[in-house]
S.K.: 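Below you'll find the structure I mean.
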Amino acid sequence: MRIAMIGTGYVGLVSGTCFADFGHHVTCVDKDQGKIDGLLAGRMPIWEPGLDALVKQNVDRGRLEFTTDLGAAVKGADAVFIAVGTPTRRGDGHADLSYVYAAVKELAHTLDHPVVVVTKSTVPVGTGDEIARILKEEGAPEGTTVASNPEFLREGAAISDFKHPDRILVGAEDERSREVLAEIYRPLFLNKAPLLFTSRRTSELTKYAANAFLAMKISFINEMADLCEAVGADVQELARGIGLDNRIGAKFLHAGPGYGGSCFPKDTLALLKTAEQYDVQQRIVSMVVEVNDTRKKAMADRVSDALGGDLAGKSVGVLGLTFKPNTDDMRDAPSIPLIEKLVAGGAKVTAYDPVGREQAEPLLPAITYADKPEQVADGADALVIVTEWDEFRALDLKDLKARMKGDWLIDLRNIYDRADAERAGLHYRGIGRPGSQA
Ligand code: UDX
């Protein structure tokens, strides 16, 4: 199959590269000349493990191309995927669809044969209908159809998520779209990945429902963690105790500083906006958002409580800035409200992140950036683990303690054991574990 992928952001680049790796011919197109020049020179615009090698392999085999020329990209294409950004619209929480619609208009004027237009971007229910309307209005070739095919990729594990999906979801209203998408994904369902066909609207909404449900699991376990702290129970054991029940499932039950990233915060808000538009209550999702926002803002209090309630003049070392490991993404990262509050309280913050520094610096300008994890301990009153990067899992705690002025280890990801920390002479506060209460 010949595929054009509009947008070389996270979703477009990973999806396009993986499609090429299945053996399809893929042309990725982007308006950003710098990005395309970088890709042609082998430079990735995002940090994703394994992506650069996979791009190179497929470029070398002549299956993956990059261009800024939409006409060239869609020439002879069977399917055109739209993978441009749908950020939260400033001020109102709606998904901003202006990039999607602009791409569709341009596409309508460029196509010289019918194609299946597929939305990969996360788009509110009804967007496919609007795309179909625009294509018709702008004179796209007769027979051009519109399908929805949401992605379920986790940053940092996107390639493996793409190649080993739990399911592939296709929302379509016509046979041609179903046939083309079935052919594109054939290599995967030979591997037994379930291919689920639904209506276009159902598919669009399913993506939001999936992210809202996962966000709900996280907010649920985070509130359970608070209760565990109050009653002296252990949230990790509790999570295992409920997670072994197949009906609940063990994943997404790690208590922590609250969820961040490019999807959960944006998609839960957009889902609420859709519900509002249709005048349907979504009290659970609404509460999930509120619980998460409150939680992220409350994390600094754990540090301040440990330091006797006053942050002025205190020195705090922060390990991890990105919203999760194996990405340089800082969008809605819990580190941001945490550090802002520490700084506002008068603390001096030194932070280390294995890859997030460049993205973090403009967002968190008032702190010092260390080059090595141990450096954040130098002279610190407290250390805070915010992101569970592997390289933080086996730090020499005795060495850290020796470098510190104070002795607090505040572990917002529960990657250390209290006993180990105490053996190194540290005071330990985790999340939802005995002794973690204020
Ligand atoms: C998510 C979805 O997993 C993916 O299917 C979707 O398409 C895009 O959004 P991503 O945002 O990359 O992917 O990361 P994910 O691993 O889901 O983590 C999101 C946030 O939740 C992170 O801040 C993470 O730290 C937090 N989280 C996740 C928890 O706090 N606890 C958990 O148990 C799991």
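Note that ligands are numbered from 1 as they come in the structure, with each ligand's atoms numbered from 1 the same way. For reference, positions follow the sequence shown, starting with 1. Any value given below was found using the heavy atoms of this structure, including those in side chains, with hydrogens, waters and symmetry copies removed.
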S.K.: Is Gly260 close to ligand 1, meaning an N/O of one under 3.5 Å from an N/O of the other?
M.R.: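 Gly260 vs ligand 1: N/O contact under 3.5 Å present.
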
S.K.: What I want to know is whether Lys324 and ligand 1 share at least one N or O pair that is separated by under 3.5 angstrom.
M.R.: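 Yes, Lys324 has an N/O under 3.5 Å of an N/O on ligand 1.
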
S.K.: Set out, in order, the CA-CA distance, both residues' side-chain angles and the distance that settles ring pair (Phe, Tyr, Trp, His ring centres under 6.0 Å) for Phe19 and Tyr185, then state yes or no.
M.R.: CA-CA 8 Å; Phe19 282 143; Tyr185 281 106; 5.4 Å; yes

S.K.: Quick one: which ligand 1 atoms are inside 4.0 Å of a heavy atom on Cys263?
M.R.: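 Here the atoms of ligand 1 in question are 8 (C), 9 (O).
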
S.K.: Any atoms of ligand 1 less than 4.0 Å from a non-hydrogen atom of Arg413? List them with their elements.
M.R.: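 Here the atoms of ligand 1 in question are 25 (O), 30 (O).
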
S.K.: If we only consider heavy atoms of Lys207, is any one of them less than 4.0 Å away from an atom in ligand 1?
M.R.: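 In this structure, Lys207 qualifies as a contact of ligand 1 - some heavy atom is under 4.0 Å.
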
S.K.: When you measure from the side chain of Thr350 to the backbone of Val376, do you find a donor-acceptor pair of N or O atoms at a distance under 3.5 Å?
M.R.: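 The answer is no, because no donor-acceptor pair under 3.5 Å joins these two groups.
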
S.K.: With a cut-off of 4.0 Å, which atoms of ligand 1 are near a heavy atom of Glu151?
M.R.: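 Result: 7 (O).
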
S.K.: Report, in ascending order of atom number, the atoms of ligand 1 lying under 4.0 Å from any heavy atom of Leu253.
M.R.: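 Close to Leu253: 33 (O).
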
S.K.: How far is atom 12 (O) of ligand 1 from its nearest protein heavy atom, and which residue and atom is that?
M.R.: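 Nearest neighbour among protein heavy atoms for atom 12 (O) of ligand 1, to 0.1 Å: Glu155 N, 2.7 Å.
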
S.K.: Could you check atom 19 (C) of ligand 1 against the protein and tell me its nearest heavy-atom contact, residue, atom and distance included?
M.R.: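 Here the closest protein heavy atom is Phe264 CE1, 3.6 Å.
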
S.K.: Would Arg167 and Leu195 count as a side chain to side chain contact (heavy atoms under 4.5 Å, CB included) here? Give the steps.
M.R.: CA-CA 6 Å; Arg167 79 305 206 181; Leu195 179 62; over 6 Å; no

S.K.: Is a side-chain donor or acceptor of Asp411 paired with a backbone partner of Tyr416 at a separation under 3.5 angstrom?
M.R.: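 Yes, because the side chain of Asp411 sits within donor-acceptor range (under 3.5 Å) of the backbone of Tyr416.
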
S.K.: Should you measure from each heavy atom of His254, which atoms of ligand 1 turn up under 4.0 Å away?
M.R.: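 So the atoms of ligand 1 that pass are 29 (C), 30 (O), 31 (N), 32 (C), 33 (O).
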
S.K.: Here's a test for you: under side chain to side chain contact (heavy atoms under 4.5 Å, CB included), which of Val29, Leu70, Leu107 qualifies with Val80?
M.R.: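 Option passing the side chain to side chain contact (heavy atoms under 4.5 Å, CB included) with Val80: Leu107.
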
S.K.: With no hydrogens and no angle check, do the side chains of Trp389 and Asp353 hold a donor and an acceptor under 3.5 Å apart?
M.R.: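 Note: Trp389 and Asp353 side chains meet the donor-acceptor criterion.
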
S.K.: Please answer whether the main-chain N or O of Glu290 pairs with a side-chain N or O of Thr294 as donor and acceptor at a distance below 3.5 Å.
M.R.: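 Looks like yes, one N/O pair under 3.5 Å.
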
S.K.: What protein heavy atom lies closest to atom 28 (C) of ligand 1? Include the residue and the distance to one decimal.
M.R.: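 It is Ile218 CD1, 3.5 Å.
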
S.K.: How does Leu153 reach ligand 1, by side chain, by backbone, by both or by neither, if only non-hydrogen atoms under 4.0 Å count?
M.R.: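 Leu153 to ligand 1: backbone contact only, side chain stays beyond 4.0 Å.
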
S.K.: May I ask you to decide if Gly261's main-chain N or O and Lys324's side chain share a donor-acceptor pair within less than 3.5 Å?
M.R.: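 Flag not set: sc Lys324 to bb Gly261 has no pair under 3.5 Å.
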
S.K.: Which residue and non-hydrogen atom of the protein lie closest to atom 3 (O) of ligand 1, and at what distance in Å?
M.R.: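 Minimum-distance protein heavy atom for atom 3 (O) of ligand 1 reads Arg154 CG, 3.2 Å.
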
S.K.: Measuring only between side-chain heavy atoms, which start at C-beta, is Leu54 closer than 4.5 Å to Cys18?
M.R.: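 Yes, close enough: below the 4.5 Å cut-off.
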
S.K.: Among all protein non-hydrogen atoms, which one is nearest to atom 34 (C) of ligand 1, and what is the separation to 0.1 Å?
M.R.: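 Protein heavy atom with the smallest distance to atom 34 (C) of ligand 1: Phe252 CD2, 3.4 Å.
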
S.K.: Please state which protein non-hydrogen atom is closest to atom 22 (C) of ligand 1 and give its distance, to 0.1 Å?
M.R.: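 Result: Phe323 CD1, 3.5 Å.
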
S.K.: Only one of Asp329, Asp161, Asp166 passes salt bridge (charged side-chain N to carboxylate O under 4.0 Å, His left out) with Arg154; say which it is.
M.R.: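 That would be Asp161; it is the only one of Asp329, Asp161, Asp166 passing the salt bridge (charged side-chain N to carboxylate O under 4.0 Å, His left out) with Arg154.
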
